[in-house]
Amino acid sequence: MSDKKKEKDAPNPYKETLHLPVTEFPMRASLTEREPQRLAKWEAQGLYQQIQEKRRGSRKFILHDGPPFANGDVHMGTALNKILKDLVVKSKTMLGWHAPFVPGWDCHGLPIEFRVVKESTGLTPVEIRRRSEEYARKYIDIQRNSFKRLGVFGDWENPYLTLDPGYEADIIRVFAKLVEQDLVYRMKRPVLWSYGAGTALAEAEVEYKDKVSPAIYVAFNLAPTNLPVALEGASLVIWTTTPWTLPANLGIALHPDFDYVVGEFTNPENVAARFVVAKSLLNEFASKTGFSLVTELAQMKGREFVGLEAQHPFLPRTSKVINGLFVTADTGTGQVHIAPGHGADDYQAGRENGMEILSPVDGRGHYTAEVGLPDLVGKHVFQANEPIIALLTEKGALLARESYAHQYPHCWRSKTPIIFRAVEQYFIRVEQIRGKALEEIDRVKWLPAWGRNRIHGTVESRPDWCISRQRTWGVPLPVFYHADGTPVVSAEVARKVADIIEQVGTNAWFEKTDAEWAELVGLPEGTVKGNDTLDVWIDSGCSHVAVMDRHPELHSPADLYIEATDQHRGWFQSSLMLSVVARGAAPYKSVITHGFVVDTSGKKVSKSDQGNDKNAKPMTADHFYNKYGADLVRLWVSSVDYQNEVPFSEELFQQASESYRRLRNTLRVLLGNLDGFDAEKDAADPDQFTLVDRWILSQLENLKQECREAYDAYDFRKVFVLINQFCAVDLSALYVDITKDRLYCDATSGLRRRATQTAIHRITDALCRLLAPILSFTADEAWEYLGHQTSVHLEDFPELDPSYVNPEATAAVQELLKVRAVIQQAIEKARQEKRIGSNLEATVELTLPESGFQHPVFEALPTLEEFFILSVLTIKRTDVTEPSAVVLESPHQKCARCWKHLPAVGHQPHADLCDRCDEAVA
RNA sequence: GGGCCUGUAGCUCAGUUGGUUAGAGCACCGCCUUGAUAAGGCGGGGGUCAAUGGUUCGAGUCCAUUCAGGCCCA
């Protein structure tokens with residue numbers, strides 16, 4: 001033991017004669033410092049432009065960027081999206097395509113306007129727009145910096161913006177096409193209305209949140225006209241959670257097939273009354289209202305009630321009794337209060353039964369004079385529930401009230417509850433383009449495949465598209481109104497507007513007077529322009545026209561769109577619809593969707609959650625690239641299955657860091673072992689490769705092929721796994737470990753050493769290329785240390801060379817690995833028993849079965865000793881079924897240079913060296 | 001409530017048309033190394049494949065139901 005210690009402490013007199021790895025490539029990545037420097041270098045040399053120039057003339061691959069909203073910082077979901085796109089663009093490029101990437105931003109819309117309006121009230125439309133643009137541009141810059149910092153390549157100095165006059169003009173031209181194809185109509189209709197933001201909302205702008213509403217049971221006395229005997233003196237009973245809509249009640253709907261009981265009811269106060277209640281809800285009705293059935297007078301189907309009328313509880317009119325399939329028996333009474341101006345089903349039912357669209361509420365949610373109750377005029381509808389309940393009580397119509405917690409639609413930005421309110425809106429007749437859109441869906445390749453069903457279902461069931469918004473920050477709906485109020489919806493006029501907008505931007509719509517516009521588009525004096533703007537989904541949905549058709553380096557349809565799964569209903573759909581209108585075909589050939597970023601418990605994480613929770617973990621991309629570096633964010637993206645929900649946590653970054661360190665250190669040791677190696681002069685001939693060299697080069701060939709295929713299939717995770725395995729197992733645990741001896745100890749120009757360096761050079765070259773899309777910074781850095789003056793991003797993936805595929809070597813190594821496991825287990829046992837330390841201190845007696853392990857390598861002891869990293873190995877063949885190994889402490893002296901314990905040590909001119917080392921130092 | 005989807009070791013993921021003892025990397029534990037050293041090697045523990053029921057000689061894999069989660073809608 002003491003001898004061993006002495007050996008350790010003694011400095012190695014031959015260290016200077018060894019070829020230990022030498023490289024300046026730092027072990028510590030210091031990504032947060034180095035990445036910005038590399039970024040600056042790339043920008044200074046115009047790397048993106050260089051790549052474009054180099055690829056010009058190659059087959060094109062167009063990934064069309066879906067524009068993120070120019071609002072807020074880049075959070076991890078956005079980073080995931082953009083990095084996935086970048087992985088596609090970079091890998092397609094290195095696969096030989098010309099893949100230009102023009103990023104874009106969605107600039108208009110309520111969220112931005114809302115922020116501006118919230119800050120200061122009473123702004124003129126022109127001022128709101130000025131501030132909104134300023135706000136959008138501010139966030140475009142912030143986001144652009146983040147995307148660039150993440151190593152995403154693209155034409156960042158010339159992105160597309162939906163607020164560019166040219167883009168805006170194209171939106172209006174698409175509108176003209178809609179008009180031309182008779183797809184636009186105007187109609188008063190209840191729409192989702194945000195009184196907080198003062199606008200109608202798109203379906204996508206609504207979020208569901210918990211809300212407690214007053215739920216009430218209200219009796220409507222049946223009007224005596226034409227009343228069957230059984231119903232004399234009876235009341236229908238409705239249940240509603242929106243008492244404020246009762247002034248607009250015009251009907252009561254029953255399900256045609258439900259059974260209803262007409263009966264005599266009493267409550268604990270001995271109040272008696274005749275009610276109609278769905279049979280299946282009698283118990284619930286009794287428990288909620290206290291009224292239980294005393295005498296059943298009749299049972300009737302819902303359809304038998306049609307045509308009756310009920311007296312409105314507090315207004316001088318009757319409500320129609322109708323049937324509706326939307327009536328449920330889940331809760332309430334099986335009788336539904338119908339206010340056609342305040343609900344989608346109500347509207348539909350009202351239209352079918354000849355009711356008017358009564359909606360006595362203004363844009364701020366206050367009752368208008370139409371409400372019919374002077375006390376309520378000017379009152380906010382959500383302040384009116386109590387007065388109405390009081391009124392119902394006074395009239396004896398209120399049977400019960402309770403607090404009801406439910407999911408209620410809220411405005412996604414102002415967070416205020418949504419109401420349904422009927423206003424004049426413009427719509428696209430979806431029915432006329434639905435068929436073609438559905439056909440086109442099946443021409444597109446959806447990844448994952450279920451995306452097809454998802455968008456198909458969405459398109460199949462979507463109602464007409466409300467495209468008008470009562471907002472300011474958007475592209476104006478190019479319609480005018482005659483002095484008498486009749487609208488001018490004309491493709492020709494719209495195109496004139498577009499031509500002017502193209503020159504001066506849409507601000508002109510708001511800056512010029514009605515008279516000026518009338519003159520510009522050739523309409524009679526007295527014509528006024530409309531105040532509505534277009535739904536922002538129209539904006540982004542036009543990008544295939546406004547971007548792909550306009551940019552000379554792009555083309556339509558795009559080869560690929562990549563967005564999160566919510567865009568099946570969002571951008572994928574709006575783009576599809578408008579592309580069907582504009583060109584009669586889908587705007588994309590294939591579509592990839594990715595999941596949302598979720599935390600480790602599988603819950604959704606979003607930026608707005610953070611606002612509510614001060615302790616929430618940071619979710620913005622800058623936190624992570626400033627703490628870990630962009631390459632780690634990129635490595636995280638490549639390590640997850642993006643088609644599902646994408647797990648995300650600080651811990652996951654630790655995990656990615658471990659993988660990164662392995663990759664980086666592998667690159668470092670490879671580079672270090674290439675010190676003094678000139679690939680031009682020193683490369684070995686292929687016939688000089690030893691078994692391990694042939695094996696690792698065959699593995700590399702395999703890796704190249706599989707990575708190319710995985711990249712081509714957008715399976716970045718597979719690339720990540722393959723490269724990791726290759727570096728951790730094939731290289732680090734085996735090849736590098738095995739060849740250390742020859743690299744360090746053989747003579748500088750020894751054939752085995754040169755062969756190995758030749759292999760290592762090949763490997764390093766390939767790894768840099770294969771890693772470049774993922775570790776864009778690190779691969780480029782290593783590429784530089786490989787002696788290149790230009791960026792790895794200008795290169796192709798390594799070309800396949802089948803001559804390196806070597807099944808013979810692979811089969812041999814597979815057998816060797818089986819034996820290695822046996823030997824290592826035996827050595828480990830000896831080590832645990834403290835009989836030996838390192839492998840080289842052991843002498844191993846290997847027993848192999850007579851059959852099997854027949855590869856010639858099993859006759860070549862030096863090769864085996866090298867492969868198993870042993871000083872001395874002996875082999876015997878006996879009649880056993882499995883290999884076994886016995887480990888003994890080596891009786892030989894340790895070579896002071898290569899640390900092997902060999903019999904030759906002590907007999908050389910240098911008494912403390914083995915043969916090989918003696919020769920090497922000579 | 002409806003549509004689409006997901007659920008395999010602590011974590012991220014593989015598991016081909018149902019067929020031996022369910023794999024990998026990371027993490028964890030122990031040992032070695034100090035010539036990849038703020039590195040590297042070796043060995044090891046760890047899973048009733050979400051649950052239940054079914055089809056089958058045989059189910060992680062097929063079917064049904066339930067539970068949990070995501071997106072979209074109501």
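These numbers were taken from a predicted model, which means no experiment stands behind them. A, B, ... follow the sequence lines: proteins, then strands. Residue 1 opens every chain.
Using the Watson-Crick or G-U wobble rule with both distances under 3.5 Å, B/rC42 pairs with B/rG30.
As judged by a 4.0 angstrom heavy-atom cut-off over every strand, A/Trp899 is placed among the base-contacting residues. Residue contacts for A/Arg452: at a heavy-atom cut-off of 4.0 Å it reaches no nucleic acid atom on any strand shown. A/Lys829 comes within 4.0 angstrom of no nucleic acid atom, judged by non-hydrogen atoms across all strands. Counting any heavy atom pair closer than 4.0 Å across all strands shown, A/Arg661 reaches sugar-phosphate atoms only and no base atom. Base engagement by A/Ala896 is indicated by at least one non-hydrogen atom pair under 4.0 Å involving a base atom.
In the interface, the side chain of A/Ser732 is paired with the base of B/rA36 through a donor and an acceptor atom under 3.5 Å apart.
Side-chain contact, A/Tyr744 with A/Asn673: no donor N or O sits under 3.5 Å from an acceptor N or O. Inspection of the A/Thr748 and A/Arg753 side chains reveals no N or O donor paired with an N or O acceptor under 3.5 Å. Residues A/Asp535 and A/Trp465 bring a donor and an acceptor atom of their side chains to less than 3.5 Å of each other.
Dashed line: the shortest gap from a side-chain N or O of A/Arg668 to OP1 or OP2 of B/rU37 is under 4.0 Å.
Summary of the strand contacts: A/Gln567 and A/Leu20 both lie near RNA chain B, and taking for each the nucleotide with the nearest heavy atom, the more 5' one is attributed to A/Leu20. Toward the 5' end of RNA chain B, the nearer of the two residues A/Val640 and A/Val736, judged by each one's closest nucleotide, is A/Val640.
Of the P atoms belonging to B/rU8 and B/rG45, the separation is 23 Å, rounded to the nearest Å. A distance of about 15 Å separates the C1' atoms of B/rA59 and B/rU52, rounded to the whole Å. Here, B/rC26 and B/rA39 have their P atoms 14 Å apart, quoted to the whole Å.
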Q | Per-nucleotide protein contact string for nucleotides 23-30 of chain B (B base, S sugar-phosphate only, - none; heavy atom under 4.0 Å) | A | -SBSS--B
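Centroid-to-centroid, the aromatic rings of A/Tyr735 and A/Trp695 stay 6.0 Å apart or farther. Between A/Trp636 and A/Tyr660, the ring centre distance reaches or exceeds 6.0 Å.
A 4.5 Å side-chain heavy-atom check between A/His19 and A/Cys745 finds every atom pair outside the cut-off.
Here B/rC31 is the nucleotide among B/rC31, B/rG40, B/rG69 with the atom lying nearest to any side-chain atom of A/Arg831.
The backbone N or O of A/Ala339 sits nowhere less than 3.5 Å from a side-chain atom of A/His342 that would complete a donor-acceptor pair.
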